[in-house]
Protein chains: 2
Amino acid sequence: MNRVFKALADPSRRRILQLLRDGPLSAGDIARHFDLAKPTLSGHFAVLREADLVDQERQGTTIYYRLKLSVLEEALSGLMDSMGIGQGEPGAAGDLLKQEK
Amino acid sequence: MNRVFKALADPSRRRILQLLRDGPLSAGDIARHFDLAKPTLSGHFAVLREADLVDQERQGTTIYYRLKLSVLEEALSGLMDSMGIGQGEPGAAGDLLKQEK
DNA sequence: ACTTTATTTCGGTGATTAGCTAAATACCAT
DNA sequence: ATGGTATTTAGCTAATCACCGAAATAAAGT
């Protein structure tokens, strides 16, 4: 989960995820959208993979990346939860965690 | 907005925001929860402030930090939007996928 | 076996980051 | 003015990061 937020900290990586939103793309397809050297992109893919935000599938010489939306979704809603955003019922106690320490 | 995600990339900073969730705390209050030197925390506060995720208010010698929930909220829902998470109506087409470029 | 195409790994560089101690600043009280 | 408490700034180090070009790997076609 920490890896997810680390991965999201870079704009290029966020952009990659965004591109992947509409379906799998090859590394080359993605590279076409950027002004970065391929090895640089390849590094970004590795970070995303380690964060479990994408998975890889090789097809011949081409490697396709696919967004794992559920992982992203879970991380974000986990954060929102822990910050008290969103799904707090407007009528509920308001706060579950109180007074740390 | 990039600064927000950069700020969120560090676990100590996420923890700070979480602590702030239940109301303003002084730098010292917060420091008590961590095993880090005060200057280190002070640096984290600066990052959060630059991301506009918190604001400061001095009260005598004490400085209180307050979470700016709306900023966090906006950044997160902005990201979710751009990834197609969440606010898709459950009955809708399923994906408002777009095909950029 | 050779070539082409797609992508990654290797090795390195400069910038940024998280952490520290020590010193400075700010405010309040005496 | 002196002292005490709260916090930041300054200056440093070690680690991580984003990037690159060159070389390596992988699969497929000739």
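We name chains A, B, ... by the order of the sequence lines, and we start the count at 1 in each one. This structure is a prediction, so every number in the text was calculated from the model and none was measured.
- At a threshold of 4.0 angstrom between heavy atoms, the contacts of B:A37 include nucleobase atoms, whether or not backbone atoms are also involved.
- The side chain of A:Y65 contributes no N or O atom lying less than 4.0 Å from OP1 or OP2 of C:dA6.
- Side-chain nitrogen and oxygen atoms of A:T40 include at least one within less than 4.0 Å of the OP1 or OP2 phosphate oxygen of D:dC20.
- Neither side chain, B:Y64 nor B:Q56, offers a donor N or O lying under 3.5 Å from an acceptor on the other.
- Within the 4.0 angstrom heavy-atom criterion, no nucleotide atom of any strand lies near A:Y64.
- In plain terms, the two heavy atoms of B:R14 and B:L8 that are nearest each other are NH1-O, 2.7 Å.
- When the side-chain nitrogen and oxygen atoms of A:Q56 are compared with OP1 and OP2 of C:dT8, one or more of them lie within a distance under 4.0 Å.
- Residue A:H44 contributes atom NE2, which lies 4 Å from atom P of D:dC19 at whole-angstrom precision.
- Contacts of A:L36 with the nucleic acid, taken as non-hydrogen atoms under 4.0 Å apart, involve only primed sugar atoms and P, OP1 or OP2.
- Note on A:T61: every side-chain N or O is 4.0 Å or more away from OP1 and OP2 of D:dA27.
- Rounded to whole Å, atom C1' of C:dC20 lies 13 Å from atom CG of B:D35.
- Remark: A:E74 CD is loosely packed, at most 12 non-hydrogen atoms of other residues, nucleotides or ligands lying under 6.0 Å away.
- Counting heavy atoms of neighbouring residues, nucleotides and ligands inside a 6.0 Å radius, atom CZ of A:R3 does not exceed 12 of them.
- For DNA chain D, none of the residues of residues 4-14 of chain B falls under the heavy-atom distance limit of 4.0 Å.
- Between A:S26 and the phosphate of C:dA6, there is no side-chain N or O to OP1/OP2 separation shorter than 4.0 Å.
- Remark: the backbone N or O of B:F34 is not paired with any side-chain donor or acceptor of B:R32 at under 3.5 angstrom.
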